[in-house]
Amino acid sequence: MAKVTLFPQACKGMEDCGICALVCPQHLFTSSGEMNEAGYVPTRLTEPEECTGCQSCMLSCPDMAIVVVKEKGEEAS
Amino acid sequence: MSLAEHPLRKYTRPHVKKTTTCPGCGNGIVAQAILWAIDELNREEGLSMDDFVFVSGIGCSAWIPSPLFAADTLHTTHGRPIAFATGVKLGLPRQKVLVASGDGDLAAIGGNHLIHAARRNIDLTVVMVNNGIYGMTGGQTAPTTPRGLNTITSPYGTMEPEFNVAAMVAAAGAPYVARWTTYHPRQLKRAIKKGIQKQGFSFIEAISQCPVQYGRVSKLGRATAILEHFRDHSLKLAKAREMSEEELAGKITVGEFCDRQAPELASQWSELRARLGKEQG
Amino acid sequence: MKAAVRLKPGTHFIEGNLALAEGAIAAGCRFMAGYPITPASEIPNRLSQLLPTVGGVFLQTEDEIAAICSAIGASWAGLKAMTATSGPGVSLMQENIGLAASTETPLVIVDVMRFGPSTGVPSVGLAGDVVQVARGSHGDYQIIALCPESPQEMYDHMIRAFNLAERFRCPVFVLPDGFIGHMREQVVIPPDQEIELAQRKIAPAGTTPLERQDFLDPEVAPMPVFGRGRQAHVTSSCHNGQGMRNLTDPEVMHAFATMPIEKILRHRDQIVEVAADYAPGDVVIVAYGTVARSARAAAQAARAQGLAVGTLCLKTLWPFADQEVAAAAQQARAVLVLENNTGQMLPYIKAEAAAHCPVQFLGPRLLGQIHEPNAVLTRVKEMMS
Ligand SMILES: Cc1ncc(C[n+]2csc(CCOP(=O)(O)OP(=O)(O)O)c2C)c(N)n1
Ligand code: SF4
Ligand code: SF4
Ligand code: SF4
Ligand SMILES: [Mg+2]
């Protein structure tokens, strides 16, 4: 298990970017359907409990809008 | 970018609250790869941002460190960052000097500085963002644009072959050269880290997506489509070396082009000064 | 090779370029980057020997663009840095001369001027670059330019050039022509302790750019030199006083363009130097560089014949000695401008002098040859009749 934090105000949108959705091996990202202040529609996590903590989404998000913290004992990759 | 709790936030200027890149631009992935590499070096070797000087040229990619990175940053003229960085490094041999800039910047207008810095083997880490296009000026042909692509300045299709920059830099004498794509952020980070640790000229080519300009002219469109292209066409160097030129057409060879030792310029200057009994300055 | 040694204090008979190299070391220069070119090559040749012996670095670059860029980089690294070239090299450097001016980088650029345009005649001197050093880069900016007329001044001007660069955080040119570069004359080298050296002010430790003014201060901001944890933000783009890029605010754009100019012009009295030797009613010969020698010889010959002739020799070309030229013209019967070119400084001199007295121009009979004092005398007599 891992804790995924999204910063919707930093996200440039599922439609325009959507990289997290591409790289997540668990296919956990979907559109939140709500526009942020910058006018983008950010992503949200469908089933956070399915997250493996692989951090692919964090490393691939161009806008540093995702933080994945692994459970204690696990090292960042 | 609200980096409120982002672990890399400690490496960025507090007042810089958002990036200026287009949605899905690979520059943000490369910026992160650099900062994650530094984060590891911070934990393993105690390096901090104060140990770095970041130098960039002109273009979208040249904005990677400037103003984001909380360190000495020097944003220069188009094509010249390596020349500036050479002076910085010779003046401050103990600093880590990292250049981040675009393919047009480093391989077209600045190509000669790149060749000679590799030949001189000065201890710089150069991260070249290769998005195959001139992003900032609106989608013109770069020396890295694949042949046949219709760009804004090659409306009938480019007639020139694309530049294998990493191979050229390796041939010019650089001790460490690697190429990865933004689909490979972990490998990219490791290569940058290795480049920073290497005492000598290191060149990391980051094949990256420019969804706005390259996406438009290539008709690949979205960032994710370009990343899928990277994923499906990347080929490890070891494998590529066994393949014919025809088989390699359209492939992106990734991996380490070289990793070797060679006499480095700034340290040779320190040795000369020591021989002549003089401290720097 | 064995460690080269600097010339000892005392009197030497040496060529201008070598005097200049000695002056650079005495001034504290610790980084030079250059690319060989006649008639400046003796400068990199000599500094490549001397710099490592004083803890400095010499870099032969792949071209003059790399030379100026690496010198700017070394300056930000905290070293007194220079490059030396001739006209074709200055042409290549132009874009980054503008960068040095707008990033407020201390830098000394030596241009040993040759006969141009284009490749021209490498070994023949000509004052061909006097305007291009001031106006050759795009946009509005201000540099300082000194104009030596003897090997002694090659030495002295280098010390002054580094001091001015450090004091005003700007590019400073030293502009001899090939004649002075290769001329041998007596040069007196003082002991180091008698030489006054300026050092740049450095931004306070423990601060970040938003807590400081690093740029655009008309009184010259302390420099956030690299490698000291200052987190300097330096950009060639339009920036504010903290160095932060701003491409939208017209107020910032205005300050970005004008403050680095104001910074120098406000202190012009500390910079501008002339050698004035004239009396009211004289025909005043205005000249600079090598030609100043002809001007003085002609004035001396004229005075020997009882003619009222004086000289105004410009030691600094930029900022332009507008007040000094106007003051001379106010008292003069006429002004005669001598230049070894087709009249590059003439419009600037006329702009100050023409309202007060007649102004004439005299080039050498053959461009690239130094004015015959007799020819100058003949013209002076014509002007008097
Ligand atoms: C001397 C000069 N020529 C041209 C330009 C215009 N220019 C700005 S960025 C750029 C191309 C940038 O392309 P690249 O280096 O690939 O960076 P990208 O924007 O793709 O990241 C050009 C030609 C300039 N700034 N200076
Ligand atoms: S990768 Fe980042 S910016 Fe892109 S859609 Fe996902 S969260 Fe948003
Ligand atoms: S950490 Fe991995 S599994 Fe979890 S959301 Fe991100 S990409 Fe998906
Ligand atoms: S134009 Fe291309 S390279 Fe430039 S910021 Fe936009 S997506 Fe990135
Ligand atoms: Mg590009």
Side-chain angles (χ1 to χ4, degrees), chain B residues 13-16 20 48-53 55-58 62-63 66-67 69-95 97 109-110 112-113 115-117 119-120 122 265-266 269-270 272-273 275-281, chain C residues 2-4 28 30-33 51-81 83 95-96 98-99 103 105 107 208-210 224-237 239 242-245 247:
Chain B
R13 295 189 194 268
H15 75 280
V16 181
T20 47
S48 80
M49 289 301 261
D50 285 352
D51 296 312
F52 282 83
V53 178
V55 187
S56 58
I58 296 291
W63 287 23
S66 167
F69 292 5
D72 292 328
T73 55
L74 178 61
H75 173 245
T76 65
T77 41
H78 192 34
R80 316 301 168 197
I82 288 176
F84 284 92
T86 298
V88 172
K89 180 67 189 182
L90 289 172
L92 287 168
R94 277 184 283 272
Q95 291 300 101
V97 181
I109 187 167
N112 204 30
H113 307 307
I115 291 171
H116 286 279
R119 174 189 63 79
R120 271 185 197 118
I122 180 155
L265 187 68
W269 269 99
S270 302
L272 174 61
R273 279 191 295 263
R275 181 154 73 78
L276 299 174
K278 281 290 168 185
E279 287 283 296
Q280 177 151 31
Chain C
K2 271 205 332 221
R30 292 299 175 264
F31 184 92
M32 184 209 176
L51 275 167
T53 71
V54 294
V57 175
F58 169 80
L59 180 71
Q60 183 172 324
T61 48
E62 54 276 21
D63 58 30
E64 287 86 349
I65 300 176
I68 187 168
C69 294
S70 53
I72 294 169
S75 183
W76 277 96
L79 302 183
K80 290 188 181 179
T83 180
E95 183 187 21
N96 294 291
L99 178 141
T103 56
T105 306
L107 177 69
T208 57
L210 292 203
V225 165
F226 292 166
R228 303 173 186 220
R230 304 292 196 272
Q231 299 184 11
H233 189 270
V234 187
T235 174
S236 60
S237 297
H239 50 260
Q242 294 147 342
M244 295 302 158
R245 191 179 294 108
L247 309 180

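Just so you know, these numbers come straight off a predicted model, no measurement behind them. In what follows, every chain begins at residue 1, and chains take the letters A, B, ... in the order their sequences are listed.
For the pair B:His116/C:Thr61, no side-chain contact is recorded, criterion being any heavy-atom separation below 4.5 Å from C-beta on.
For C:Arg245 (side chain) and B:Ser66 (main-chain N/O), a donor-acceptor pair under 3.5 Å exists by modelled atom type. Judged purely by atom type and a 3.5 angstrom limit, B:Arg13 has no side-chain atom pairing as donor or acceptor with the backbone of C:Thr208.
The contact between C:Gln60 and chain B is made entirely by backbone atoms, counting heavy-atom distances below 4.5 Å. Interface remark: C:Phe31 contributes side-chain atoms only to the contact with chain B (heavy atom separation under 4.5 Å). Of the two parts of C:Ala3, the backbone and the side chain both hold a non-hydrogen atom closer than 4.5 Å to a non-hydrogen atom of chain B. In this structure, chain B has heavy atoms under 4.5 Å from both the backbone and the side chain of C:Ala66.
By number of non-hydrogen pairs under 4.5 angstrom with chain C, the leading residue of B:Val53, B:Asn112, B:Thr77 is B:Thr77. Among the candidates B:Ile58, B:Leu74, B:Val55, the residue making the largest number of heavy-atom pairs closer than 4.5 Å to chain C is B:Leu74. Of the listed residues C:Gly229, C:Gly28, C:Ala74, the one with more heavy-atom pairs under 4.5 angstrom with chain B than any other is C:Ala74. Chosen from C:Ser70, C:Ala232, C:Ala33, C:Ser236, the residue pairing most often with chain B at heavy-atom distances under 4.5 Å is C:Ala232.
With rounding to the nearest 0.5 angstrom, the OG1 atom of B:Thr86 is 7.0 Å from the CD atom of C:Glu62. To the nearest 0.5 angstrom, C:Thr103 atom OG1 is 12.0 Å from B:His75 atom NE2. Between atom CG of residue C:Leu59 and atom CH2 of residue B:Trp269 there is a gap of 8.0 Å, rounded to the nearest 0.5 Å. Distance check, rounded to the nearest 0.5 Å: CG of B:Leu272 to OG1 of C:Thr53 gives 9.5 Å. In this structure, OG1 on B:Thr73 lies 7.0 Å from CZ on C:Phe226, to the nearest 0.5 angstrom. C:His233 contributes atom NE2, which lies 11.0 Å from atom CG of B:Asp72 (distance to the nearest 0.5 angstrom).
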